[in-house]
2 protein chains.
Amino acid sequence: MEEKEISKAVISRLPRYYRYLGELTNAGVERISSNDLSRKMRVTASQIRQDLNNFGGFGQQGYGYNVKYLRTEIGKILGLNQSHSMIIIGMGNLGQALANYASFEKNGFLVKGLFDVNPRLDGREVRGIPIRMLDELEAFLKENPIEIAALTIPKTEVLRVSEILVKCGIKAIWNFAHTDLNLPEDVIVESVHLSDSLMRLSYNITSYRKEHGES
Amino acid sequence: MEEKEISKAVISRLPRYYRYLGELTNAGVERISSNDLSRKMRVTASQIRQDLNNFGGFGQQGYGYNVKYLRTEIGKILGLNQSHSMIIIGMGNLGQALANYASFEKNGFLVKGLFDVNPRLDGREVRGIPIRMLDELEAFLKENPIEIAALTIPKTEVLRVSEILVKCGIKAIWNFAHTDLNLPEDVIVESVHLSDSLMRLSYNITSYRKEHGES
DNA sequence: TAGATTGTTAATCGATTAACAATC
DNA sequence: TAGATTGTTAATCGATTAACAATC
């Protein structure tokens, strides 16, 4: 019951390790030392070893880490060894982009349903999955065990939709709306705020200019 | 020349402040104390005051912060008082989603060009902007001063495209490809790795389950 | 003036880096 | 065995929180 708490900083680095280990696997690299990996990833070797040792000793003294093994283990930590059923709510451009993004399936994220409010989209299919109307959502969730709901809807719709989701016992929300969700704490929320990201870029451009003289 | 360095943690919180202050403005709230804002945003009041004081004293003892003024000032810090010209490379679903996302313009990000390699898209327009072929990119950049390039292309294309961009003196890249960019350090990169985000969600689901028993 | 709330210093907490003994 | 490299402890660095004097 009492697991040692893993810090957010560590968790957010795991997918990046996973990505690099995937590339190394594809490149046919069999083993790698924390030092070599640190150069590739531009982080310290110390950090890599510390991060990994939060979860267990995956390496071997004098040898390093077995790339395939380490990748699999990190995959397990991330829960990628299990499949995750997902629906997408909001079939605007972004929702369609997610629905079409086949690579998710490779990591076990299975799109089981698509929803929108626009009657013109009703019945249209994306990758073989029909778009349903939002008022069918509740019934759909009762019949289909869904873990994750991706929200690609305007922020004005968020409250209404998230109430349905919570009521139907959804476990996790992948939120793309430009607002924070305030939900019961047993619902896990991961937000992608694109405009926040663009503003950070803008900040960095602006501050770089200040340091190096206008242009 | 010698500016006090602002930490990444602080910078990444600025857009969120900006967002909340926008909502407060819309709600007609004129002033707010760090304490009230802290409750709304679920951060400590201390952190808010520390964050803001990296940039200057925007508040007033005994009064708090003027919402509109503070929002404007944070906007300036983020560089939102200036406009930023942008192109989008890769007109798949995600590229189209960005191109259609009008709200960026509200914050001064102006989409000036769209590019793809698919000849079937040649000349098609999104919000009045024609899609150009990638081989026109270099010529386009020579005639149009572009600050930001959004990359919504497969990772296999990244190297080729980013070489052109760097050669043409692009200042900043908003990267959606599932790979890290290794560019000269005067090119500012902000990456959005959607699959990393989804994996973090998956981690949190998985670890929540472990703590609270399988289901 | 009294009350409220900032700006800022000091204390604490956590994360990163360095160092090295353990061990393959 | 000697060399390499991990796992892990200790040292450092940075970020967050607490506290309070300054001041509106």
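Every chain is numbered from 1 and lettered A, B, ... according to where its sequence line falls, protein lines coming before strand lines. Computed from a predicted model, the values in this text were never measured in an experiment.
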Engineer: Name every residue in residues 8-38 of chain A that has at least one heavy atom under 4.0 Å from any atom of DNA chain D, in order of residue number, or write none if there are no such residues.
Structural biologist: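 Within residues 8-38 of chain A, the residues near DNA chain D are A/S33, A/S34.
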Engineer: For the residue pair B/H178 and B/H193, does the interplanar ring angle fall in the parallel (under 30°), tilted (30 to 60°) or perpendicular (over 60°) class?
Structural biologist: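 Ring orientation, 0 to 90° scale: perpendicular.
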Engineer: To the nearest 0.5 angstrom, please state how far the CG atom of B/L134 sits from the CZ atom of B/R160.
Structural biologist: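 Between B/L134 CG and B/R160 CZ, I get 5.0 Å after rounding to 0.5 Å.
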Engineer: Distance from A/L183 atom CG to A/L159 atom CG, nearest 0.5 Å?
Structural biologist: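 Spacing of CG (A/L183) from CG (A/L159) equals 9.0 Å.
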Engineer: Test side chain to side chain contact (heavy atoms under 4.5 Å, CB included) on A/F55 and A/L14; report intermediate values, then the result.
Structural biologist: CA-CA 11 Å; A/F55 304 98; A/L14 291 180; 3.8 Å; yes
Engineer: So, taking the atom named CG in A/L137 and the one named NZ in A/K142, what distance separates them when rounded to the nearest 0.5 Å?
Structural biologist: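 NZ of A/K142 is found 10.0 Å from CG of A/L137.
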Engineer: State the CD-CZ distance between A/Q82 and A/F109, to the nearest 0.5 angstrom.
Structural biologist: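 Answer for the CD-CZ pair, A/Q82 versus A/F109, is 10.5 Å.
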Engineer: Quick check: does any side chain N or O of B/H84 sit under 3.5 Å from a backbone N or O of B/G79, one acting as donor and the other as acceptor?
Structural biologist: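 Yes.
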Engineer: Taking the side chain from B/R16 and the backbone from B/M41, do they hold a donor-acceptor pair closer than 3.5 Å?
Structural biologist: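 Present.
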Engineer: Between B/S85 and B/L110, is there a donor-acceptor pair closer than 3.5 Å when you use the side chain of the first and the backbone of the second?
Structural biologist: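 Side chain of B/S85 to backbone of B/L110: no pair is present.
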Engineer: Test: ring-ring contact (aromatic ring centres under 6.0 Å, His included). Region: residues 13-43 of chain B. Which pairs qualify, not counting sequence neighbours?
Structural biologist: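 As it turns out, there is no ring-ring contact (aromatic ring centres under 6.0 Å, His included) pair with a partner in residues 13-43 of chain B once direct neighbours are skipped.
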Engineer: Do A/F104 and A/W174 make the cut of ring centroids closer than 6.0 angstrom?
Structural biologist: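 Yes, ring centres under 6.0 Å apart.
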Engineer: Just the dot-bracket of DNA chain C, please: which string comes out with Watson-Crick or G-U pairs under 3.5 Å, [ ] for crossing, | for another strand?
Structural biologist: ..||||||||||||||||||||||
Engineer: When you measure from the side chain of B/T152 to the backbone of B/F176, do you find a donor-acceptor pair of N or O atoms at a distance under 3.5 Å?
Structural biologist: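 Not at all, since once roles are kept as given, no pair shorter than 3.5 Å links the two residues.
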Engineer: I need the residues from residues 44-58 of chain B with at least one non-hydrogen atom less than 4.0 Å from DNA chain C; give them sorted by number, or say none.
Structural biologist: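 By residue number: B/R49, B/Q50, B/N53, B/G57, B/F58.
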Engineer: Hey, can you pull the residues of residues 62-73 of chain B with a non-hydrogen atom under 4.0 angstrom from DNA chain C?
Structural biologist: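 Within residues 62-73 of chain B, the residues near DNA chain C are B/G62, B/Y63, B/G64, B/Y65.
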Engineer: Would you check if the side chain of A/S83 reaches a backbone N or O of A/G108 as a donor-acceptor pair within less than 3.5 Å?
Structural biologist: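 Between the backbone of A/G108 and the side chain of A/S83 there is no qualifying donor-acceptor contact (under 3.5 Å).
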Engineer: Within this structure, what is the OG-NE2 distance for the pair A/S207 and A/H212, rounded to the nearest 0.5 Å?
Structural biologist: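 It is 9.5 Å, given to the nearest 0.5 Å.
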Engineer: Within the side chain of A/S202, is there an N or O that forms a donor-acceptor pair under 3.5 Å with the backbone of A/L198?
Structural biologist: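 The answer is no, because no donor-acceptor pair under 3.5 Å joins these two groups.
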Engineer: Considering only heavy atoms of chain B and a distance under 4.0 Å, specify the first and last nucleotide of DNA chain C in 5' to 3' order that meet this criterion.
Structural biologist: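 It runs C/dA4 to C/dA10.
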